[in-house]
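Heads up: the structure comes next, in structure tokens.
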Amino acid sequence: MPDKTPAPSVDTAAESGARPAPKVQASIPVTVNGKPYFHDGDPAMPLLWFLRDTLRLTGSKFGCGIGACGACTVLIDGKAARSCVMPMSGVAERKVTTIEGLEGDALHPVQQAWIDEDVAQCGYCQAGQIMAAVDLLKRKPKPGDDDIAAIGNLCRCGTYPRIRKAILRAAESMQGDKK
Amino acid sequence: MSAGVDGGRRRFLVVSLTASGALLLGLRPAFAGPTPGVPPELLGDDLTELGPFVRIERDNRIVIGARGCEIGQGVMTSLPMLIAEELDVDWSQVRVVQLPYGYIDTDKGPSNRYGDQGAGGSTSVSDGWKDLREAGASARWLLLQAAAKEWNLPAEQLRAEAGEIIAPDGRKLTYGALARTAASITLPDQPVALKKPEQFRIIGKPTKVADARDIVSGRSRFGIDEYAADALVAVIVRCPHLDGTLESFDDAETRKVAGVVDVIALPGPKPGEPFDGPLASGVAVLAEHTWGALKGRELLKVKWKEGPWSAESTPALAARANELLDGKEGGTAVRHDGDFAKARKQARQFVEARYEVPFLAHATMEPPGALIEIKQDSARLVASLQSPGSASEMIARMTGLARKDIEIRMTRAGGGFGRRLENDFVAEAVLLAKAAGRPVKLMWTREDDLQHDFYRPFGVHALGATLDRRKQVTGWTHRCAATPRPYREGGGRKRPINTGCLEADDFPAGLVANLDKTFFSVDSGMPRGWWRAPLHTFHAFAVQSFIDEIAIASKQDAVALRLAMLGEARQLPYSGHGGPHFDTGRLANVLKLCAAKIGWGERRSDGHGLGIACHFTFGGYAAHAFEVSVEGRELRIHRAVCVVDVGRAVNPLGVEAQMMGGTIDGISTALHLAITVKDGQVQQHNFPDYPLLRMAQAPKSVEVQIVESDLEPVGAGEMGIPSVAPALANAVYAATTVRVRKLPLMPELMRML
């Protein structure tokens, strides 16, 4: 993956070549995984395409384009959000965390739990599932079955039982960390 | 399913040494003349482009190439395990990399450096059981010979263990240290001996997904994640009418969208002609980025011409199917044993019922797509695939390029389920790249995907059974009227019309003396394709629901009736995929285990119902049982049990995952999913009207039991589904006394309650 250095301005939808220049729009500042970026293109463009096409952060996936499946889930100011229906204008001056930004010196406990419980099959929805789980555990450090079931992200491979186990394992390990 | 490769030919290993001194091992067909060289670009540091199966580096790091299409069935882990086992390395030493498509020209015609790379029919593990273990064993043999040379000892006195060769006196040499010498040794003409099962250290051990760390950190690259400098993103608006055509379009507003570069009309297939390219006519918008293409597409004004199927609707198809089944004549005889008419006359009891199963879409989480670059003398495709061989053939045919000049890089695929056995999306990308004169990254949206698929066939099954005085089934008739699976086949690919809908030798064929199976073809414009365990999800619902109905009608226990019909353990001939035998004992065994696990036969007073079913799919034997209750408009699944026999489980953790996932996929599909047609158009657009199961509706766990077995392994990707729908319907009956004979189950149950 190309390592994009944060630039003062990242050109996106304005690369229209010989076509008439689009209306002048104010740059939208957004922080992604701790680095500042600016978006100069269409303010209606969903965040997902900024992440994928512009920043080449391809961990967040496209699945439905209408916020129904959750494959594109990221954290915006720490809360889970569907990036495929979040316009760039909606993330101005906000902090976005993607799956690529979850890892610090080591894997996030949720990521580690996903490996330990051998959750992934095709793997496509799992970044979104993990982001949703991180959000859940922030809100409910000791989630019950129904709290976990409230995660509405789709998995066509049917990994739900292992997702449940992984979330409980992560919850336990995060509790342990706090002691 | 890499076309053009004859998997039956004997293959030998190719051994070569890279510039960096690493030992490379790959397969080559025995008939090949000169040893095909390893392309120099595969020797670089870029791991995604490594060629051969095994690379042993001087510091004793072991890299194993995974040849399969990873669609979630676990071949990225299970196939390298087969090699690592015979190579005698520690799994923790191994790094797994995805191999590209390995086309090679030989003097006998097209072949593949890696053997069969396609994903379909649950064959990857059974194929690899032969040639991939041999690849690992040959590498170990070479390393043993190299150490023998080094120490001047007979090789028979040495042993291999965990990446080292060990001498009788305890001296050790690492594989890394021996690699260079090993590469200079010639392999024997005879295949080297494989390990005995009791020597296995990796096969049979629960092993986690090899590239899990990449997946959980977002680093895994799926087809959709590939970008190329200069590539235009293309999205296509396709004709919503089955076999309709483009009348005209106005792209004035589209071309004003920032980033839009071009708008290109695409011709669709001609009705009645063999399918061999795009699935529908359309208009493509090509842009510098995805958002520009999507926005541009929204602003297109397109006029379509309806096709020849404008009157097609699901109710009309059902009516036609039932009309054909009502008739006494016609149809294609699929199997005919004994004299059913006579059995009917002599019967004490006759039971009959009809079952309807809908069209299904694949709905892979990653929609279809392709990145293609076409140059004067070469082409490069990166995509999530199941059939790279057919993609290679298609690109060659459409571009005139030689297949050896077409590079295909395989990625992890966000699900397959049979959708990617077709390469219509590759054809679209090729057409657009040729027209645009630039690389093209074709994107499909979910709407594109649900509206333009190769659907699992729609059909109605009419079943009848006669019973004698002793309540034994003496006659069986299965008449199936369906939109046939063969879709616009041409050339040498013509298959019998009943293919994928009604199989001659499926249960209870060979177990009932008087048996008739007849297929009736229902005309339809809907494209049809393979959908995970295709034939079996299509008819097991009918057969296994019907067995329950017979049991209830004749006041017998549903498990006892199945066991009585299966009779004593024996092998029956089975001509379909997964043959040549169907073992009645193995099916009876999974059924018995499943019944015991769910507590079959125990009295219940909680209003919960138990349902059970079993089925033979592609060489594997599975049984499902569910405990359910119906509360208002909700079906609650309290327990889900799955027992499976796939022979020796190469990776038990992977088999468990497939059964758990297959069970949940089966529940999802049985309860809620259907594609319907109205006025010659598919009615579903996105997940809200094709509602895959969410976690809240899924059972908390699936209790999977894997039968211990020394028999040769078969795959596990598809056996976990077919018995789900009938077991659920049987459980619903037990809980409610409402018999659902039409899928999806929930809308029908709510209508009937």
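Below, chain A is the first sequence line, B the second, and so on; all start at residue 1. When reading the values below, keep in mind they use all heavy atoms of this one structure, side chains included, and skip hydrogens, waters and symmetry mates.
For the pair A:Ile148/B:Lys700, no side-chain contact is recorded, criterion being any heavy-atom separation below 4.5 Å from C-beta on. Residues A:Pro161 and B:Ile664 meet the side-chain proximity criterion, which asks for heavy atoms closer than 4.5 Å. Side-chain contact check for B:Val216 versus A:Gln126: every heavy-atom pair is 4.5 Å or farther apart. The shortest side-chain heavy-atom distance between B:Glu366 and A:Lys61 does not fall under the 4.5 Å cut-off. Looking only at side-chain heavy atoms (C-beta outward), B:His289 and A:Thr54 stay at 4.5 Å or farther from each other.
Side-chain atoms of A:Tyr124 do not come within 3.5 Å of backbone N or O of B:Phe222 as any donor-acceptor pair. Distance alone, capped at 3.5 Å, places no donor-acceptor pair between the A:Arg156 side chain and the B:Thr364 backbone.
The two residues B:Lys295 and A:Asp42 make their nearest non-hydrogen contact at NZ-OD2, 2.5 Å. A pairwise comparison of heavy atoms in A:Leu154 and B:Leu692 identifies CD2-O, 3.6 Å as the closest pair. The two residues A:Gln121 and B:Arg412 have their closest heavy-atom pair at O-NH1, 2.9 Å.
Separating the OH atom in B:Tyr690 from the SG atom in A:Cys64 is a distance of 15.5 Å, to the nearest 0.5 Å.
Heavy atoms closer than 4.5 Å to chain A are found in both the backbone and the side chain of B:Glu656. For a residue to count as touching a neighbouring chain, one of its non-hydrogen atoms must lie under 4.5 Å from one of that chain's; by this rule A:Ile163 touches chain B with the side chain only. B:Ala413 touches chain A through its backbone: at least one of N, CA, C or O sits under 4.5 Å from a heavy atom, while the side chain does not. Both the backbone and the side chain of B:Thr445 have a heavy atom closer than 4.5 Å to some heavy atom of chain A. Proximity to chain A (any heavy atom under 4.5 Å) is shown, for B:Ile667, by neither the backbone nor the side chain. Only the backbone of B:Ile71 comes within less than 4.5 Å of a heavy atom in chain A; its side chain stays farther off. With a 4.5 Å cut-off on non-hydrogen atoms, A:Ala120 touches chain B through its backbone and its side chain both. Of the atoms belonging to B:Pro206, not a single heavy atom falls under 4.5 Å from chain A.
At most 12 non-hydrogen atoms from other residues, nucleotides or ligands lie less than 6.0 angstrom from CZ of B:Arg636.
Between the side chains of B:Trp291 and A:Asp53, no donor-acceptor pair of N or O atoms lies under 3.5 Å.
The candidate with the highest count of non-hydrogen atom pairs below 4.5 Å against chain B, out of A:Thr159, A:Asn153, A:Asp145, A:Asp146, is A:Asp145. Each of B:Gln697, B:Gln73, B:Met76, B:His362 has some count of heavy-atom pairs under 4.5 Å with chain A, and the biggest count is that of B:His362. Listed options A:Gly63, A:Ala68, A:Ala127 were ranked by heavy-atom pairs under 4.5 angstrom with chain B; first place goes to A:Gly63.
Salt-bridge check for B:Asp225 with A:Arg52: passed, with a basic side-chain N closer than 4.0 Å to an acidic carboxylate O.
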